[in-house]
Amino acid sequence: MEKKTSIRWKLLAIVLFPILFLGLGIFFFGIILIYGFATNSVRDEVETTTYLLKGCFDLSVRGDYVYEDGIFKKGDINITDSTMLYEIKENSDIDTTIFWGDTRILTTIEDEYGVSAVRTKAGSNVRQTVLENGENYFSNRIDINGVDYIGYYTPLKNDDNSIVGMVFAGKPTESVYSQVGKIMLVCLVFSLIAILAALIAGRRFSESMIIDIGLIKQYLHTLSDGDLNIVMDERIVKRTDEIGEIGIYADKMRAALKNLIELDALTSLYNRRSCHSKIRALIGEEKKFTFVMCDIDWFKKINDQYGHECGDYILVSISEMLKNSVQDCGFASRWGGEEFLLIYELDLENVKEKVEKLLVDIQDRVFQYKEYEIHVTMTFGVKEMTPGIPYEDAIKVADDNLYKGKKAGRNQIVC
């Protein structure tokens, strides 16, 4: 019980601390990310505002811009009125400014005492970028009368394309911080709720997890002792979370180990070791069976002429034919190289019929590999198992019959 309690709190620590650190990381990264998004959004707003404001002047009144004696004109029309600028601020909380040269002549910007920023000048970076180079200028930190702005400047041009001033639109960064703060407060509250929920859920399900982990541990322990026929507990199989997946993978590992131990990697037939085990099982059940040792004729020539990949293809194809032949009446194993041992749970006469058909099927088949058409034959040595003698002796007789067939010209059956 103490171990279970210890594991439970370890599980809680494993779950809770990453969530806590991840939540803090997301929180602080979110501040940066959301501030970036907010800055980009404000940039779009102020950029659009400058173009709309400049467009209103350019499209509604013809003529060049002129500023004399404190009066700002376009053509013959006096446009000194700041009403439109204040309407923009009232509707969008965006401050706007009209510059003549680098000097503010119309603006909604005021200091903390309500004094207008008219007649103050733009910074040197703005002057060089907008007035001298004729380019737009954006910054997320522009100091105007001691207040930081996210602002956008665009040149104000006459019909001859000469730059006479600038149009500015911006928002105080403090308002952006305020918006970001509200969003992050919601995120922080949500993170705290999520952490609390994780703690409650962890305590609730930790005991169940420990039980299931114990079942998987016992399963793996039994597997490590060599029992490959063990069955996974149904409780684990029914789980749909990671614990269930671990159980599934453990069972797949058992199946893979069983195949690795019992089956030949290339042909998927039983290997020599597992074949011995299955033969001993047949003897223990006192069943009648017959050995057939067989070998692919001239297999080395196939490898030499067409390559080892072709040889592997022939081995796999032949293995499928052998497997089909013993289906429902025995099993097939790869004894070594191109040599196979077939075990038919039939008497000698029935086995001879099976093997004769197999011999004809193999010699009549055309094995298509790339552009090559390959013909293959096999030689078979047959020996019925005699009760009371070591099965190894019967296999040796079948092997001797195989080599008799090889010496006699191959592509034949010797009993």
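Environment of OH in Tyr137: crowded, with over 12 heavy atoms of neighbouring residues, nucleotides or ligands closer than 6.0 Å. Other residues, nucleotides and ligands place more than 12 heavy atoms under 6.0 Å from the CG atom of Asp160. The environment of Arg62 atom CZ is sparse: at most 12 non-hydrogen atoms of other residues, nucleotides or ligands sit within 6.0 angstrom. Environment of CD in Glu392: crowded, with over 12 heavy atoms of neighbouring residues, nucleotides or ligands closer than 6.0 Å. Around NZ of Lys73, the count of heavy atoms belonging to other residues, nucleotides or ligands within 6.0 Å does not exceed 12.
Annotation: side chain of Met253 is in contact with side chain of Leu220 (closest heavy-atom distance under 4.5 Å). For the pair Trp298 and Gln305, the minimum side-chain heavy-atom distance is 4.5 Å or more. At least one side-chain heavy atom of Ile261 sits less than 4.5 Å from a side-chain heavy atom of Arg273. For the pair Leu263/Asn271, no side-chain contact is recorded, criterion being any heavy-atom separation below 4.5 Å from C-beta on. Put simply, the side chain of Asp64 reaches to within 4.5 Å of the side chain of Asp159, judged on heavy atoms. At least one side-chain heavy atom of Asp399 sits less than 4.5 Å from a side-chain heavy atom of Glu339. You'll find the side chain of Asn136 reaches within 4.5 Å of the side chain of Tyr51, heavy atoms only. Put simply, the side chain of Glu132 reaches to within 4.5 Å of the side chain of Gln128, judged on heavy atoms.
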Derivation and outcome, side chain to side chain contact (heavy atoms under 4.5 Å, CB included), residues Leu358 and Met378: CA-CA 9 Å; Leu358 183 58; Met378 290 190 74; over 6 Å; no
message: Set out, in order, the CA-CA distance, both residues' side-chain angles and the distance that settles salt bridge (Lys or Arg N to Asp or Glu O under 4.0 Å) for Asp264 and Arg272, then state yes or no.
response: CA-CA 8 Å; Asp264 175 68; Arg272 193 163 182 164; over 6 Å; no
field: Check against salt bridge (Lys or Arg N to Asp or Glu O under 4.0 Å), Arg239 and Asp241
entry: CA-CA 6 Å; Arg239 289 190 70 124; Asp241 59 5; 2.4 Å; yes
message: If you apply the rule side chain to side chain contact (heavy atoms under 4.5 Å, CB included), what do you find for Asp212 with Ile246, and how did you get there?
response: CA-CA 10 Å; Asp212 292 343; Ile246 292 173; over 6 Å; no
Full working for ring pair (Phe, Tyr, Trp, His ring centres under 6.0 Å) between Tyr306 and Tyr369: CA-CA 9 Å; Tyr306 303 106; Tyr369 179 76; 7.6 Å; no
- prompt: Could you walk me through whether Ile395 and Met293 pass the side chain to side chain contact (heavy atoms under 4.5 Å, CB included) check?
  reply: CA-CA 8 Å; Ile395 292 176; Met293 188 71 76; 3.7 Å; yes
- prompt: Between Asp251 and Arg254, does a salt bridge (Lys or Arg N to Asp or Glu O under 4.0 Å) hold up when you go through it step by step?
  reply: CA-CA 5 Å; Asp251 199 49; Arg254 177 200 61 79; 3.1 Å; yes
task: Apply side chain to side chain contact (heavy atoms under 4.5 Å, CB included) to the pair Leu266 and Val316, showing each step before the final yes or no.
output: CA-CA 7 Å; Leu266 177 64; Val316 172; 3.9 Å; yes
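Of the inter-residue distances, the one linking Ile248 atom CD1 with Ile236 atom CD1 reads 10.5 Å to the nearest 0.5 angstrom. Interatomic distance, Leu52 CG to Glu47 CD, rounded to the nearest 0.5 Å: 10.5 Å. Rounded to the nearest 0.5 Å, atoms CD (Glu309) and CG (Asn303) are 11.0 Å apart. Once rounded to the nearest 0.5 Å, the distance linking OG1 of Thr108 with CG of Asp95 reads 3.5 Å. Note: Glu262 CD to Cys275 SG = 11.5 Å, rounded to the nearest 0.5 Å. Leu282 contributes atom CG, which lies 5.0 Å from atom CD of Glu345 (distance to the nearest 0.5 angstrom).
With hydrogens and angles ignored, the 3.5 Å screen pairs a side-chain donor or acceptor of Asp297 with a backbone N or O of Asn411. Side-chain atoms of Asp233 come within 3.5 Å of backbone atoms of Arg235 as a donor-acceptor pair (strictly under, hydrogens ignored). Judged by distance alone, with hydrogens and angles left aside, the side-chain atoms of Asp111 form a donor-acceptor pair with the main-chain N or O of Gly114 at under 3.5 Å. In this structure, Thr49 contributes its side chain and Glu45 its backbone to a donor-acceptor pair below 3.5 Å. For Lys54 (side chain) and Pro155 (main-chain N/O), a donor-acceptor pair under 3.5 Å exists by modelled atom type. Distance alone, capped at 3.5 Å, places no donor-acceptor pair between the Glu353 side chain and the Val355 backbone.
Of the N and O atoms on the side chains of Thr120 and Arg104, at least one donor lies less than 3.5 Å from an acceptor on the other residue. With hydrogens and angles left out, the side-chain atoms of Asn125 and Tyr153 include no donor and acceptor closer than 3.5 Å. With no hydrogens or angles considered, no side-chain donor-acceptor pair links Asp44 and Ser41 at under 3.5 Å. Between Thr379 and Asp295, the side chains place no donor N or O within less than 3.5 Å of an acceptor N or O (distance only, hydrogens not considered).
Considering every non-hydrogen atom in both Ile302 and Cys310, the closest pair reads CG2-SG, 4.2 Å. Scanning all heavy atoms of the two residues, the minimum distance from Ala250 to Met232 falls at CB-CE, 4.0 Å. Shortest non-hydrogen contact noted between Met166 and Asp102 is CE-CA, 4.2 Å. Closest non-hydrogen pair, Ile98 versus Phe72, comes out as CG2-CE2, 3.7 Å. Residues Lys171 and Val46 approach most closely at N-CG1, 4.2 Å, considering heavy atoms. A pairwise comparison of heavy atoms in Gly165 and Leu131 identifies O-CD2, 3.8 Å as the closest pair.
Under the 30°/60° scheme for interplanar angles, the aromatic rings of Trp335 and His276 are found to be tilted. Ring geometry for Trp100 against Tyr67 counts as tilted: the plane angle lies between 30° and 60°, on a 0 to 90° scale. Relative ring orientation between Tyr313 and Phe367 is described as perpendicular, the plane-to-plane angle rising above 60° on a 0-90° scale split at 30° and 60°. Using the six-membered ring where Trp is involved, Phe168 and Tyr149 have ring planes that are perpendicular, over 60° apart on the 30 and 60° scheme.
Judged by the 6.0 Å and 45° rule, Lys354 forms no cation-pi pair with Tyr344.
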